[in-house]
Amino acid sequence: MALLKGEYQATLDEKGRVSIPARFREGIPENVLVLTKSMFEACIWAFTPENHEKFTESLRNFWSANANMPMTLRQKDMFDHRVSFSAGEVEIDKTGRIMIPSKFRDHAGLTRDCVVTSDGVRIEIWDANRHAEYEQRVEEQFEAVVEKMGLLNLY
């Protein structure tokens, strides 16, 4: 079952819990999420266990297909540690909240006001101010990205 797409405002409580929107929870059959640090931004990625397995399998396939990549074994190990090994499962409680461990809260700089988004594959949990800054960067760079994509037959 896929996660639904969207963006919601949320609040991090004093115990480090944040609510996962009900519409996203519909796509989480086991009430469990796997948290990891984003590869690109200061936010948290949350996957269903099934999607996390697909994600880590994609990484394994990438390393297999790119064995000649100019990266030392130590660098590869550091990458794997950051993205996969430091992941952790959290359970969604009866009220729809997850406890976010401090290592993830610190990485994302979470404060009281948060934004919870989903692209249908993973959930992202952002500090609201960092998310606003990211959205500004997206808007500033969007036209250049579209130009690099060339002509598309989107519909």
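Just so we're clear, the structure is a prediction, and the values are computed from it rather than from any experiment. All residue numbers refer to positions in the sequence shown, counting from 1.
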A side-chain contact here means heavy atoms from C-beta on lying under 4.5 Å apart; do [X] and [Y] qualify?
X	Y	answer
I100	I44	yes
D13	V18	no
E140	F142	no
F47	T36	yes
R112	L12	no

### Query
Is there a donor-acceptor contact under 3.5 Å from the side chain of N31 to the main chain of E91?
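A pair under 3.5 Å: no.
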### Query
Is a side-chain N or O of N51 found less than 3.5 angstrom from the main chain of V121, in a donor-acceptor match?
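Side chain of N51 to backbone of V121, a donor-acceptor pair under 3.5 Å: yes, one is there.
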### Task
Drop me the distance from Q9's CD to S19's OG, to the nearest 0.5 angstrom.
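So the gap between those two atoms works out to 13.0 Å.
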### Message
Within the supplied structure, the quantity of interest is the number of heavy atoms (other residues, nucleotides, ligands) at a distance under 6.0 Å from E143 CD; does it exceed 12?
### Response
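Open.
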### Message
With a 6.0 Å cut-off (strictly less than), is the heavy-atom count around CZ of F55, excluding the residue itself, greater than 12?
### Response
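Yes - once you tally the heavy atoms of other residues, nucleotides and ligands closer than 6.0 Å, there are more than 12.
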### R74-T72 side chain donor-acceptor pair, cut-off 3.5 Å
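No, no side-chain donor-acceptor contact under 3.5 Å.
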### Task
Of all the heavy-atom pairs spanning R23 and Y8, show the shortest one and how long it is.
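Smallest heavy-atom distance, with atoms named: CD-OH, 3.3 Å.
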### Query
Do the charged groups of E41 and R137 touch, with an N to O distance under 4.0 Å?
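Yes, charged N to carboxylate O under 4.0 Å.
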### Cluster link V115 to F104, ILVMFWY, side chain under 4.5 Å
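No.
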### Task
Indicate the ring-plane relationship of H131 and Y134, choosing parallel, tilted or perpendicular according to the 30° and 60° boundaries.
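Ring orientation, 0 to 90° scale: tilted.
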